[in-house]
Number of protein chains: 2
Amino acid sequence: MYMEKELTIQEIAKLTGLSVHTLRYYERIGLLDHVARTNSGYRKYSDADRAWIEFLNRLRATGMTIRKMQQFADLRRKGSATIHERRVILEEHQAEVRMRLLELQSNLESIEHKIVHYKELEEDELATK
Amino acid sequence: MYMEKELTIQEIAKLTGLSVHTLRYYERIGLLDHVARTNSGYRKYSDADRAWIEFLNRLRATGMTIRKMQQFADLRRKGSATIHERRVILEEHQAEVRMRLLELQSNLESIEHKIVHYKELEEDELATK
DNA sequence: GTATACCTTTGAGCGCGCTCAAAGGCAAGC
DNA sequence: GCTTGCCTTTGAGCGCGCTCAAAGGTATAC
């Protein structure tokens, strides 16, 4: 039988890149379901917890606000009846991220032009010395 | 002779997308050089001001912090002797933005996979009804 | 000349996403 | 059994990037 490894808060922090403070904070605000505890009250994280945290990390890394992630987590708690609603949220988010990517690329290009301009100025500087 | 149009704070706000509050704030913290005034003390923005603000906007849109922008603005005030230093800052920023772009694309792909997964779940749901 | 709609400055306040402090309990080593 | 270093909860604090409030001056219309 496959035994799931249970992780301490330190271990899950290391694996997910979140701080232990942030892990407790995310639980407090409902981003994570109430995490299982040992007899003495210490948190123990399951592989499912880990997968969910890593998904939250991707939402966060793409700029989703905590409020939106809370909405998503709430729907998830309600079960499979909310799958469509969750997909809609992700699709809206996807569209936003794609737009931001385009803008980012466009702004990056402008900055790259500026860099070229500075290079030319530096070369002129050298030429007249 | 080409006459430069001088713009009121409202006009420059509309053109650059910054609020009038933010324009005054940027000036206070040294992102903008002291802007010219009318006799009665009202700000009047030049085309050069406008170009600089639009450049700041691109730095901001690509995630440069205000502190970094202040450094850049300080170098700019010191004149052409700092061109090389400014280029270095922009190149470092460029590298960071490129990395963030890659991460963003990778995270977006994961989210897109999740969307596909949700679609499949929805179809299964329909099939069993 | 007065209403109203702008402008000025300075300093305070806010929303976000954490981050930390306080006070106390638990686990493992010696 | 005591030390060291972890864990718990609750509530306060912080840094960032604005955003607004207060108090007062100015410009234009009527």
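Proteins come first, then strands; the chains are lettered A, B, ... in the order of their sequence lines, and each starts at number 1.
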For this session: Output the rest of the hydrophobic cluster of Val97(B): all Ile, Leu, Val, Met, Phe, Trp and Tyr residues reachable through side-chain heavy-atom contacts under 4.5 Å, sorted by chain and number.
Result: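 For the cluster that includes Val97(B), the remaining residues are Val97(A), Leu101(A), Leu104(A), Leu108(A), Leu101(B), Leu104(B), Leu108(B).
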
Exercise. Taking the hydrophobic residues Ile, Leu, Val, Met, Phe, Trp and Tyr, and joining any pair whose side-chain heavy atoms are under 4.5 Å apart, which ones share a cluster with Leu102(B)?
Worked result: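 Taking Ile, Leu, Val, Met, Phe, Trp and Tyr as members, Leu102(B) stands alone, with no cluster partners.
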
For this session: Could you tell me whether Arg37(A) contacts a base, only the sugar-phosphate backbone, or nothing, with contacts defined as non-hydrogen atoms closer than 4.0 Å?
Result: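 The residue Arg37(A) makes sugar-phosphate contact but no base contact.
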
[X] [atom1] to [N] [atom2], straight-line distance once rounded to whole Å:
| X | N | atom1 | atom2 | answer |
| --- | --- | --- | --- | --- |
| Leu18(A) | dG17(C) | CG | P | 14 Å |
| Glu27(A) | dC7(D) | CD | P | 14 Å |
| Lys44(B) | dC6(C) | NZ | C1' | 18 Å |
| Leu56(A) | dC18(C) | CG | C1' | 15 Å |
| Leu23(A) | dC18(C) | CG | C1' | 12 Å |
| Ile29(B) | dC18(D) | CD1 | P | 8 Å |

Exercise. Going by the angle between their ring planes, with limits at 30° and 60°, are Phe72(A) and Phe55(A) parallel, tilted or perpendicular?
Worked result: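 Phe72(A) vs Phe55(A) ring planes: tilted.
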
Exercise. Is Arg24(A) near enough to dT8(D) that one of its side-chain N or O atoms lies under 4.0 angstrom from OP1 or OP2?
Worked result: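 Looking at the OP1 and OP2 atoms of dT8(D), one of them is under 4.0 Å from a side-chain N or O of Arg24(A).
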
Exercise. Distance check: side-chain N/O of Arg43(A) vs OP1/OP2 of dC7(D), anything under 4.0 Å?
Worked result: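 So the side-chain polar atoms of Arg43(A) never come under 4.0 Å of the phosphate oxygens OP1 or OP2 of dC7(D).
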
For this session: Determine which pairs satisfy side-chain hydrogen bond (donor to acceptor under 3.5 Å, both in side chains) with at least one residue from residues 75-85 of chain A, sequence neighbours left out, and list them in order.
Result: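 For residues 75-85 of chain A: Asp33(A)-Arg77(A), Asp74(A)-Arg77(A), Thr82(A)-Arg86(A), His84(A)-Glu122(B).
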
Exercise. Quick one, which residues of residues 98-106 of chain A touch DNA chain D with a heavy atom under 4.0 Å?
Worked result: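 Heavy-atom contacts with DNA chain D come from no residue of residues 98-106 of chain A; none.
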
For this session: Give, ordered by number, those residues of residues 7-16 of chain A having at least one heavy-atom distance below 4.0 Å to an atom of DNA chain D; if nothing qualifies, reply none.
Result: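 Those residues are Ile9(A), Gln10(A).
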
Problem set entry | All side-chain contact (heavy atoms from CB on, under 4.5 Å) counterparts of Ser19(A), not counting sequence neighbours |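 side-chain contact (heavy atoms from CB on, under 4.5 Å) list for Ser19(A), sorted by chain: His21(A), Thr22(A).
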
For this session: State which residues pass side-chain contact (heavy atoms from CB on, under 4.5 Å) with Ala13(A); sequence neighbours excluded, sorted by chain then number.
Result: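 Ala13(A) satisfies side-chain contact (heavy atoms from CB on, under 4.5 Å) with Val20(A), Leu23(A) only.
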
Exercise. Given side chains that start at C-beta, do those of Asp49(B) and Leu32(B) come closer than 4.5 Å, heavy atoms only?
Worked result: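 SC-SC contact between Asp49(B) and Leu32(B) ruled out.
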
Problem set entry | Closest to side chain of Tyr26(B), choosing from dT8(C), dG17(D), dC18(D) |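 The answer is dC18(D), which lies nearest to the side chain.
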
For this session: Taking salt bridge (charged side-chain N to carboxylate O under 4.0 Å, His left out) as the test, write out the residues that go with Arg50(A), two or more places apart.
Result: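 Salt bridge (charged side-chain N to carboxylate O under 4.0 Å, His left out) list for Arg50(A), sorted by chain: Glu54(A).
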
Problem set entry | salt bridge (charged side-chain N to carboxylate O under 4.0 Å, His left out) involving Arg98(A) - partner list, sequence neighbours excluded |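 Checked Arg98(A) against salt bridge (charged side-chain N to carboxylate O under 4.0 Å, His left out); matches are Glu112(B).
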
Problem set entry | Pair listing, ring pair (Phe, Tyr, Trp, His ring centres under 6.0 Å) test, anchored in residues 92-118 of chain B, at least two apart |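 Every pair satisfying ring pair (Phe, Tyr, Trp, His ring centres under 6.0 Å) with a residue in residues 92-118 of chain B: there are none.
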
Exercise. Restricting to pairs with a member in residues 7-30 of chain B, which pass salt bridge (Lys or Arg N to Asp or Glu O under 4.0 Å), not counting sequence neighbours?
Worked result: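 Salt bridge (Lys or Arg N to Asp or Glu O under 4.0 Å) check on residues 7-30 of chain B returns Lys5(B)-Glu11(B), Glu27(B)-Arg37(B), Glu27(B)-Arg43(B).
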
Exercise. Which nucleotides of nucleotides 19-30 of chain D have their base under 4.0 Å from a protein heavy atom (B), which only their sugar-phosphate (S), and which neither (-), written as one string 5' to 3'?
Worked result: BB----BBS---

